Amino acid sequence: MSDEFQPGEAVALALDSAVGAALVGEHGQTLALGPDRAAPMIADLERSVGPRWVWWSKPTAATLVAADIRPARCWDLDTVHRILAGGWRAGPGRVWALGSGLDPSDLPAAPTDDLFSAADTADSDEPIRSDGYLSPMWIDGAWRADLDHLHRWAELGLDAYRWQIEALTGLDDRPHAAATARSESAAELLCAELELDGLPVDVAEAERIIASFIGPRPADAAEERHRAAERDHLVLEHLDGASDQGIDLRNPGNVKSLLRRVGIEVDDTRAWRLERLRGEHPIIDALLRWRRAERIATTFGYRWLDQHVGVDHRLRGTWSSSDGAAGRMTATAGLHNLPAELRPAIVAEPGHVFIRADLGQIEPRILAAVSGDAALAAATQESDMYATVATELGVTRDIAKVAVLGAMYGQTTGHGAAALRRLDATYPIAMRYLTDAAHDAEGGHDLRTRGGRLVRMSAAGDLNGDERGARSRAAARGRYGRNAMVQGAAAEFFKTWAAVVRARAADANIVLCLHDELLVHARHEIGDDMASIVTDAVQEAAYRWSGSDTADAVHFVADTTILRRWSDAK
DNA sequence: TGCGGCTATTG
DNA sequence: CACAATAGCCGCAG
C-alpha cells in the first residue's frame with residue numbers, strides 16, 4: 001500500500017479553525033495537521049493529488065472557501081443524504097442512522113444545557129452509542145475537541161461515504177445516482193462560494209431606483225412613517241369625504257370595502273384582477289401604483305440594501321443547493337425574486353463583464369429525456385421545440401406551449417385541455433410518464449427523480465392544507481409529483497451544468513444561479529473565452545447527466561450573452 | 001408569539 | 001394563475 005494519497009481517491013476531512021484538520025484516505029492513509037499547517041497542506045494536496053474531499057456538510061466547505069481553497073471534487077454527506085432520503089432534513093445523526101439502518105424518528109435528542117445531562121459525559125469519548133446512533137454530544141461539537149476527535153470524525157465520515165455509495169449504486173433503475181451525488185455535492189460547494197462571493201451591485205444605481213418609487217432615504221423612523229402616510233393618501237384622496245380614517249391599505253378586507261365604496265365588487269384584490277378594472281375608477285390605478293411602491297418599501301427598499309449588500313457592494317444571501325420539493329436551488333435576500341426594475345443595479349465590477357446564459361425550454365427537453373419519448377426527443381433537435389410540437393399537433397405555437405406546460409403542471413382545465421388529447425396521441429410515452437408519476441403520487445407513493453432524488457409524497461400531502469377534501473388533496477399530490485419528476489430532473493441537469501462551468505471556468509466566478517440561468521463574473525479580457533466555456537458546458541453536462549444514448553437523442557440549448565449590466569439581457 | 005391567509009416577486 | 005420558491009404584513013388563537 002502506498003503511503004501517499006492517490007489521485008481522485010476519497011479523503012475524508014474534518015476541520016476546525018482552532019484545532020486543525022484530520023484527513024483519512026479511503027486506502028487507510030491518514031494525516032493530522034495543526035491549525036497553522038492545515039490550510040496550506042490541504043491546498044497543496046488539492047494541487048498535487050486532487051482527491052475527492054468528503055465532508056459532513058457545508059460549513060466545512062465554507063471554511064475551505066474562506067481560506068481561498070476551492071476544491072475541484074467533493075462529497076457532501078448532508079447533500080447526498082437529502083438525495084437518498086428526500087426532503088431537507090439532514091445532519092450527521094440522520095446520515096449515520098440511514099447508513100446503519102436505524103429509524104430516523106428515534107433519533108436521540110440534542111444535548112440540553114440542563115445540569116442533569118452532565119451524567120452523559122462519562123462516555124463522551126465514544127461517538128457511537130450502544131444503540132448504534134451517533135452520540136448527540138459528538139454531533140453538538142465534541143468532535144472538535146482535539147485532533148484525535150477530529151480524526152475519529154473524519155473516519156466516521158468515510159464510513160458514511162461508503163454506505164452512501166452502496167445505497168446509491170443499489171438504487172434500481174437509477175444508474176446515474178452516484179453521478180448525481182457528485183454534481184449535487186459540487187453545487188453545495190458552489191453555494192458556499194456564492195455566499196462568500198456575493199453578487200456585484202451598483203449601490204448608487206440601486207438607491208436611485210428605490211428613490212424613484214419611494215423617494216430619498218428617510219432620515220429616521222418618523223420620516224419613514226410620514227412618507228408611508230403620504231403614499232397612502234395618494235390612494236385615499238380618491239374617496240370622497242373625510243371618512244378614510246381607519247382604512248388600512250395593507251389589509252385586503254379593508255381594500256375590498258374601499259373598492260365597494262366606489263362601486264366595485266371583487267372576490268380578492270390581486271393585481272391581475274384589478275388590472276382589468278383600471279378603467280372603472282381612478283382609485284384602481286392609484287392602488288396598483290401604491291402596491292408597487294409598498295413592495296419596494298417593505299421588501300426591496302433601503303433596509304434590504306443595508307441588510308444584504310456589504311461594504312464591498314456585493315449582495316449576499318444564504319444558498320441551498322436542494323431545498324424544497326424536487327431539489328431546486330434556493331436563495332434568500334431576494335436573489336431569486338429580484339424585481340425586474342432593480343436588475344439595472346446588478347453591474348459587473350470595473351474591468352469585468354457578466355456572462356449570462358440560460359437553458360432554453362429546459363423542462364420539455366428534460367421530459368423528452370427522462371421519459372424516453374423518441375417523438376418528443378426529435379422535437380428537441382430544433383432550437384424552438386414548441387414550434388415543432390405545434391406543427392406535429394396542428395395547432396398554433398402558443399397553444400402547443402400552453403398544452404405542454406399544462407401537461408407537466410397537471411392542468412386539467414382551460415385552453416390547454418383540448419390540445420392535451422392531441423398531446424396524448426402524438427407523444428404517448430412522455431404523457432404516460434407524467435400520468436404514471438401523477439398516479440403514484442396521488443396514491444401517496446414516494447417518487448424518485450431520474451437522478452435518484454427521493455420525492456416524499458407521504459409528507460407532501462399535508463402541505464396543501466388549503467384544499468378541502470381527500471380527493472382534491474390527492475389531486476394536488478398528483479400535480480406536485482408529476483411536476484417534481486420534471487422540475488427535479490431539470491434541477492439536476494442545471495446543477496450538472498453549473499458544476500461543469502465551475503470546473504472549466506477557473507478564472508471566473510459563478511455569482512448567480514437562477515433555476516435555468518447562470519451569471520458568471522469574469523475579467524473583461526477573458527469574457528469571450530468564458531462565454532464559449534459556458535455554452536460548450538451544456539453539451540458536456542448533457543453527457544454527464546444522461547449518458548451518451550440520451551445525450552445524442554435529446555438536444556439542449558443555451559442562450560449566452562456578454563454584458564456589463566444584468567438588465568442588458570434581451 | 002406562532003401560524004395561516006393574502007399579496008408580491010421570480011423561474 | 002396550473003408547478004416551484006422567499007418574504008412581507010395582517011388577523012387570530014393561545
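Numbered from 1 within each chain, the chains take letters A, B, ... in sequence-line order. Keep in mind that what you see is a predicted model, and the values were worked out from it rather than measured.
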message = The side chain of A:Gln487 is closest to which nucleotide in this list: B:dT7, C:dA2, C:dA4?
response = C:dA4
key: Check: A:Lys256 side chain, A:Asp267 main-chain N or O, donor-acceptor pair, under 3.5 Å   = yes
query = Is any side-chain N or O of A:Arg295 closer than 4.0 Å to OP1 or OP2 of B:dT9?
reply = no
ask   = Which is true for A:Ala484 with a 4.0 Å heavy-atom rule: it touches a base, it touches only sugar-phosphate, or it touches nothing?
value = nothing
task = Provide, to the nearest angstrom, the distance between the CG atom belonging to A:Leu249 and the C1' atom belonging to C:dG8.
result = 16 Å
message = Please pick, from B:dA8, C:dC3, B:dT9, the nucleotide with the shortest atom-to-atom distance to any side-chain atom of A:Tyr480.
response = C:dC3
inquiry  = Expressed as a whole number of angstroms, how long is the span from A:Arg291:CZ to B:dC6:P?
reply    = 13 Å
message = If you define the side chain from C-beta out and look only at heavy atoms, does anything of A:Leu287 sit under 4.5 Å from A:Leu249?
response = yes
side-chain N/O A:Arg479 vs C:dC3 OP1/OP2, d < 4.0 Å = yes
inquiry  = I'd like to know if A:Arg328 reaches the base of B:dG11 with its side chain, counting only an N/O donor and acceptor under 3.5 Å.
reply    = yes
request  = State, with a plain yes or no, whether a side-chain heavy atom of A:Arg565 is found less than 4.5 Å away from one of A:Glu205.
outcome  = yes
request  = Choose from C:dA4, C:dT6, B:dT7 the nucleotide whose nearest atom is closest to any side-chain atom of A:Pro252.
outcome  = B:dT7
task = Ignoring backbone atoms, establish whether A:Arg343 has a side-chain N or O less than 4.0 Å from OP1 or OP2 of B:dG11.
result = yes
request  = Rounded off to whole Å, could you give me the CZ-to-P distance for the A:Arg270 and C:dA2 pair?
outcome  = 8 Å
ask   = With a 4.0 Å cut-off on heavy atoms, is A:Leu338 in touch with a base, just the backbone sugar-phosphate, or nothing at all?
value = sugar-phosphate
ask   = Taking the six-membered ring of A:Trp566, is NZ or CZ of A:Arg343 closer than 6.0 Å to its centre and within 45° of its axis?
value = yes
task = For A:Ala491, answer base if it contacts any base atom (sugar-phosphate contacts may also be present), sugar-phosphate if it contacts only those atoms, and nothing otherwise; contact means non-hydrogen atoms under 4.0 Å.
result = nothing
request  = Take atom CG of A:Asp267 and atom P of B:dC6, then tell me their distance rounded to the nearest Å.
outcome  = 11 Å
ask   = How would you label the contact of A:Arg482 with the nucleic acid (heavy atoms, under 4.0 Å): base, sugar-phosphate, or nothing?
value = nothing
Proximity to the side chain of A:Asn337 - top-ranked nucleotide from C:dC10, B:dG11, B:dT9 = B:dT9
query = Charged N to carboxylate O under 4.0 angstrom, A:Arg564 versus A:Asp568?
reply = no
Position toward the 5' end of DNA chain C (nearest nucleotide), A:Met408 or A:Asn254 = A:Met408
inquiry  = Taking only side-chain N and O atoms of A:Asn251, does any of them lie within less than 4.0 angstrom of OP1 or OP2 on C:dG11?
reply    = yes
inquiry  = Any side-chain N or O of A:Thr299 below 4.0 angstrom from OP1/OP2 of B:dT9?
reply    = no
ask   = Between B:dG11 atom P and A:Leu359 atom CG, what is the distance in whole Å?
value = 14 Å
ask   = Hey, does A:Ala331 reach any base, or is it just sugar-phosphate, or nothing, if we go heavy atoms under 4.0 Å?
value = sugar-phosphate
message = Distance check needed: C:dA4 C1' versus A:Leu405 CG, whole Å only.
response = 13 Å
remark   = Of the candidates C:dG8, C:dC3, C:dA7, the side chain of A:Thr332 sits closest to C:dA7
Atom-pair distance (CG on A:Asp516; P on C:dA4), nearest Å = 17 Å
message = Using a 4.0 Å heavy-atom cut-off, does A:Arg273 contact any base of the nucleic acid, only the sugar-phosphate backbone, or nothing at all?
response = nothing
ask   = To the side chain of A:Pro339, which of C:dA4, B:dT9, B:dG11 is closest?
value = B:dT9
remark   = From the candidates C:dC3, C:dC9, C:dA4, the one with an atom nearest any side-chain atom of A:Tyr409 is C:dC3
query = Are A:His521 and A:Phe354 near enough that their ring centres are under 6.0 Å apart?
reply = yes
query = For A:Asp268, which contact category applies under a 4.0 Å heavy-atom criterion: base, sugar-phosphate, or nothing?
reply = sugar-phosphate
ask   = Would A:His336 and A:Trp319 count as a close aromatic pair, with their ring centres under 6.0 Å?
value = yes
key: Rounded distance in Å - CD (A:Glu294) to P (B:dA8)   = 12 Å
